[in-house]
Each structure stands twice: as structure tokens, then as C-alpha cells.
Amino acid sequence: MIKILFVCLGNICRSPLAEAIFNQKIAEKGLNHAFKADSAGTGHWHIGENPDPRTIAIARKNNVPIQHTGRQFSSDDSAFDYILAMDGNNLTNILSLMETPHEGLFLMRYFDHEQKEADVPDPYYGGDDGFQKVYDILDRSCERFIEFLVDKHKL
Ligand code: 4NP
């Protein structure tokens, strides 16, 4: 079982959506048995909360089931095989918490063929169109990330 963790700041917008999209894609591809996905935030403000209502709305609009309870990233999360940071600030915060280098730590958009290594923009303070934009970025990036995993782990 390959363990994947998606990380953002609040764990109510980008990373729970990435987790939900990833889960739907692996289910469609018959790969559920191979992976376990989770998400976390570097911030503590939304521990125990459901995803933001706008995150739930955009997932529903795109027929993606979403279910997550907010939790904070900790150094114990280095047990995950892959850690996908939504933006450069998240990556810096993750690195500052990890005691040893982690081979599976990537920026989410490393896997975006349209704009490799850019940030997934934080939609929290913006309008609803920001959520569709984030959805589209995560949809593309998760697709490529799964291709990478299938190739690397010979699934
Ligand atoms: P996320 O968005 O990191 O994509 O979950 C945010 C959610 C909440 C806050 C910031 C970003 N906040 O400052 O509470």
C-alpha cells in the first residue's frame, strides 16, 4: 500500500480536494487497492472541521465525492511515501518540520504539464471562480501524478 499525503495551509480547500480527486481517479482506474490517500494543513485553525463549503460545492459540481476532517501536518507524517505540497510556502513549512530528507516530497504542480512547479493558488480569500481553477489544476496534476506512480511502481 503506497501512502500519499496532500498538504496545504488550512486543510479545508486545496488539499482535501486533491485527496478527493485522487481517490476518484484511482477508483476509476481500479487502483484503490494500491494506495491510501490523506490530507493535512500546515496551519492549526481548521482542525476537526469539514472542508470549506465552496470546496464541497466544486467537488459536487464535478461529481467527486469528498469526505475529510481537517488535521494539522506533523513530523510523524514523514511516514507517508509521498507528500505533495500545494505551494512553495507549504513546502518550506513541511521542510522545516521534517527531521530527515524525504525522497517523496514534491510540489503538486511538478506534475502539471501546463505549468510545472507553479503554486496551486490559495482560493480561500477569492471568489468561486478560484475554486474551479484550483479544481482544473488538481485534476490535471493528479492525472499525471497517477501516471508517474503507475510507471514508477509498475502497477
Ligand atoms: P487551503 O486554504 O490552504 O487551500 O485549505 C486556506 C484555508 C484557510 C486559511 C488559509 C488558506 N486560513 O487562513 O484560515
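Computed from a prediction, not measured in an experiment: that's the story for all the values here. Both ligands and their constituent atoms are indexed starting at 1 by order of listing.
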**Request:** Would you sort out whether Asp52 and His46 count as a side-chain hydrogen bond (donor to acceptor under 3.5 Å, both in side chains), showing the intermediate values?
**Result:** CA-CA 10 Å; Asp52 186 285; His46 301 286; over 6 Å; no
For [atom], grab the closest protein heavy atom and report residue, atom and distance to one decimal in Å.
atom	result
atom 14 (O) of ligand 1	His46 NE2, 2.9 Å
atom 5 (O) of ligand 1	Cys13 N, 2.9 Å
atom 12 (N) of ligand 1	Tyr124 CE2, 3.6 Å
atom 2 (O) of ligand 1	Asp122 OD1, 3.3 Å

**Request:** Not counting sequence neighbours, list each pair that qualifies as a salt bridge (charged side-chain N to carboxylate O under 4.0 Å, His left out) and has a residue in residues 9-22.
**Result:** Arg14-Asp87, Arg14-Asp122
**Message:** Are any of the N/O atoms on Ser15, whether in the backbone or the side chain, positioned under 3.5 angstrom from an N/O atom of ligand 1?
**Reply:**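 Ser15 vs ligand 1: no N/O contact under 3.5 Å.
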**Message:** Show the atoms of ligand 1 that are less than 4.0 angstrom away from any heavy atom in Ile12.
**Reply:**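 Heavy-atom distances to Ile12 below 4.0 Å select 5 (O), 7 (C), 8 (C).
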**Item:** Phe35/Phe22 aromatic ring centres below 6.0 Å
**Value:** yes
**Request:** Look at atom 10 (C) of ligand 1 and find which of Leu9, Asn11, Thr42, Val7 reaches it with the closest heavy atom.
**Result:**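 Looking at heavy atoms only, Leu9 sits closest to atom 10 (C) of ligand 1.
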**Residue part near ligand 1, for Tyr125, under 4.0 Å between non-hydrogen atoms** = side chain
**Prompt:** Any luck finding a side-chain donor-acceptor pair between Asp136 and Gln132 under 3.5 Å?
**Reply:**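 Yes, Gln132 and Asp136 have a side-chain donor paired with an acceptor closer than 3.5 Å.
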**Message:** Clusters formed by hydrophobic residues whose side-chain heavy atoms approach within less than 4.5 Å: which one holds Leu95, and what are its other members?
**Reply:** Leu5, Val7, Phe73, Phe80, Ile83, Leu91, Ile94, Leu97, Met98, Leu105, Leu107
**Message:** Taking Gly88's backbone N and O only, do any of them form a donor-acceptor pair with Asp119's side chain (distance below 3.5 Å, no angle check)?
**Reply:**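 Yes, because the side chain of Asp119 sits within donor-acceptor range (under 3.5 Å) of the backbone of Gly88.
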